[in-house]
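Each remark here refers to the structure printed beneath this line.
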Amino acid sequence: MRKNKKIGFALAYCDNDGSAERENFIGSVFVPGEDKNQGWINADIFGTLVLEE
């Protein structure tokens, strides 16, 4: 990769200690609307990360 290359980026932390549903979810980008499970199928929600040396 080259210096100053821009890439899409989103980070999420999900927690489930044995219940039927996800217990906690923290994400690095705001996802508008009701469906918050967009990061794995929609790159439009990603933030921008700039690679530096």
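Here the structure is a predicted model, which is why all the values come from computation and not from measurement.
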Does Asn4 have any side chain to side chain donor-acceptor pair (under 3.5 Å) partners at least two apart in sequence or in another chain, and if so, which?
-> none

Side chains of residues 11-20: which donor-acceptor partners sit under 3.5 Å, not counting sequence neighbours?
from	atom 1	to	atom 2	distance (Å)
Asp15	OD2	Asn24	ND2	3.0
Asn16	OD1	Gly18	N	2.6
Asn16	OD1	Ser19	N	3.1
Asn16	ND2	Ser19	O	3.1
Asn16	ND2	Glu21	O	2.9
Ser19	OG	Glu21	O	2.7
Ser19	OG	Glu23	OE2	3.1

Co-members of Trp40 in a cluster of I, L, V, M, F, W and Y side chains, linked at under 4.5 Å = Ile41

Only pairs at least two apart or in different chains count here, so list each side-chain hydrogen bond (donor to acceptor under 3.5 Å, both in side chains) that has a residue in residues 43-53.
-> none

Is any side-chain heavy atom of Arg22 closer than 4.5 Å to a side-chain heavy atom of Asn37?
-> yes

Other than Val31, what residues sit in its cluster of Ile, Leu, Val, Met, Phe, Trp and Tyr side chains whose heavy atoms are under 4.5 Å apart, directly or through others?
-> Val29, Ile45, Phe46

